[in-house]
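Step one of this worksheet: look at the structure below.
The first residue in the sequence is number 1, and the count goes up from there. Keep in mind it's a predicted model, so treat the numbers as computed, not measured.
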Amino acid sequence: SALGAEQGATDFSRSKRAGDHALMESSLEWVILRPSVVFGRNAFGGTALLRGLAALPLLPVPQQAAPLRVVHIDDVLDTILFFLRPDASARVILELVGPHPWRFEELVALFRRWLGWRPAEQMRMPRWLAALGFGFGDAMGRLGWRTAIRSNAGRELLRAPSGDPTRWTELTGIEPRDIERVLLTEPASVQERWFARLYLLRPWIFAICALFWLSTGVIALGPGWDNGIALMNEGGVFGWPAAAVVVAGALCDIVVGLAIGWRRTARAGLIAAFVVTIVYAAIGTALVPRLWSDPMGPMLKVLPILALHLAALGLIDDR
């Protein structure tokens, strides 16, 4: 379950609460564990977000963020193993939380020290900026992308209950690990630093790739129509064939952009974008070779576009 599920007003808390009640009303020998933010060597969800925020040179601190008692994943697993024993208690609800609370900015600073970076400057995040960020995360979520930056996560962060590990320790004998000590025993490597720096960039990379293709398609059918026809004429293609090529290219761009934006088709969309970019470059070279020496670099920009799409393919996995 989750810490504070009984009091939470978000869809996340309501779903946890409904699951808890369904289990408690059954005839099973149930045990309900309610952990705080779970921390482990592998980064996902809330702890991935903390690492991503730790990479920022200027840390936006949400107003009225509640302290967090982060719990280590090994403590959660040890507890599960304890209750799998035949002689373990049943019909028990336990809060799994760390030994002491951390303020939001303290926790991010702890990860930043672990990653080997100097302390970051802090700024109080205005509510409108937080709402904008969570709104962007919500939009990505509707398209199938997993992101910890959502409205539900923001509301849970602001109201995060502290919890109490006393009963947990009394019943199981497990002393929750201190996150600072754990980090000292597991030094960060370059992989962790790469992950932290890329975590908050990742959704923007996919959003920019999708919007790039959508916008080129729309522009080609709208204000860029005459320019497209002029380039085809310069390459020796006139009349309806020129118009057909411009329309086909525009529609292709729009389809590629939509495919990249939707999580389930993003990989295919990125591969299609890579292939289409190479085809466009070949056609442009054959028809209008002067574009390679244009001071605005319309053809030279193909190279960073290809590199960005390859980077996106490398970041596409969620787990």
Side-chain angles (χ1 to χ4, degrees), residues 1-51 65-102 104 107 134 137-138 140-179 182 263-264 317-319:
S1 186
L3 188 65
E6 285 295 332
Q7 297 81 34
T10 64
D11 290 340
F12 172 81
S13 292
R14 280 191 288 268
S15 68
K16 294 294 185 185
R17 187 161 60 244
D20 293 353
H21 290 175
L23 188 61
M24 288 187 286
E25 291 166 4
S26 73
S27 59
L28 297 171
E29 293 290 288
W30 52 264
V31 174
I32 294 174
L33 305 179
R34 291 177 173 165
S36 176
V37 175
V38 180
F39 162 75
R41 184 75 192 197
N42 294 330
F44 191 76
T47 54
L49 176 59
L50 290 171
R51 296 184 197 204
L68 297 169
R69 300 186 73 148
V70 182
V71 63
H72 197 275
I73 191 169
D74 287 349
D75 292 333
V76 178
L77 296 175
D78 288 345
T79 305
I80 293 171
L81 291 174
F82 175 87
F83 282 106
L84 287 174
R85 290 164 31 186
D87 60 338
S89 304
R91 297 182 176 268
V92 174
I93 301 175
L94 291 179
E95 295 179 340
L96 309 188
V97 297
H100 63 266
W102 294 84
F104 175 82
L107 205 50
F134 291 134
D138 290 342
M140 294 290 287
R142 292 188 187 98
L143 293 173
W145 296 93
R146 294 177 182 272
T147 171
I149 310 172
R150 295 199 194 184
S151 298
N152 268 345
R155 289 193 289 270
E156 292 290 335
L157 179 67
L158 291 177
R159 70 157 197 99
S162 61
D164 185 355
T166 304
R167 187 159 179 261
W168 172 29
T169 299
E170 290 175 349
L171 191 59
T172 65
I174 295 172
E175 293 283 349
R177 291 167 172 82
D178 179 78
I179 184 174
V182 172
R263 175 64 184 89
R264 292 184 180 180
D317 292 332
D318 292 312
R319 299 193 181 205

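Listed for the Arg91 side chain is a donor-acceptor partner under 3.5 Å among the backbone atoms of Leu28. Arg177 contributes no side-chain N or O that, together with a main-chain N or O of Ile73, makes up a donor-acceptor pair within less than 3.5 Å. Put simply, the side chain of Asp75 never gets that close to the backbone of Ile174: no donor and acceptor are under 3.5 Å apart. Judged by distance alone, the side chain of Arg17 and the main-chain N or O of Ala5 form a donor-acceptor pair under 3.5 Å.
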ask   = After noting the C-alpha distance and the side-chain angles of Asp20 and Trp30, does the key distance pass the side-chain contact (heavy atoms from CB on, under 4.5 Å) rule?
value = CA-CA 10 Å; Asp20 293 353; Trp30 52 264; over 6 Å; no
task = Show the numbers, then the answer: is there a side-chain contact (heavy atoms from CB on, under 4.5 Å) between Thr169 and Glu175?
result = CA-CA 6 Å; Thr169 299; Glu175 293 283 349; 3.5 Å; yes
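No more than 12 heavy-atom neighbours from other residues, nucleotides or ligands sit within 6.0 angstrom of CZ on Arg264. Counting non-hydrogen atoms of other residues, nucleotides and ligands closer than 6.0 Å to CG of Asn42 gives a total of 12 or fewer.
Nearest approach of Ser36 to Leu3, heavy atoms of both residues: CB-CD2, 3.9 Å. Residues Trp168 and Val97 share a closest heavy-atom pair of CZ3-O, 3.2 Å. Residues Pro176 and Gly98 approach most closely at CB-CA, 4.3 Å, considering heavy atoms. Here the closest non-hydrogen pair linking Ile93 and Met24 is CD1-SD, 3.7 Å. What you find for Val37 and Val70 is that their closest heavy atoms are O-CG1, 3.4 Å. Closest of all the heavy-atom pairs between Ser89 and Val31 is O-CG2, 3.9 Å.
Going from atom CD1 of Ile179 over to atom CZ of Phe39 covers 5.0 Å, rounded to the nearest 0.5 Å. To the nearest 0.5 Å, the span separating NE2 on His21 from CD on Glu6 amounts to 4.0 Å.
Counting heavy atoms from C-beta on, the side chains of Leu94 and Phe83 come closer than 4.5 Å.
The pair Glu95-Arg69 does not meet the salt-bridge criterion, since no charged nitrogen lies less than 4.0 angstrom from a carboxylate oxygen.
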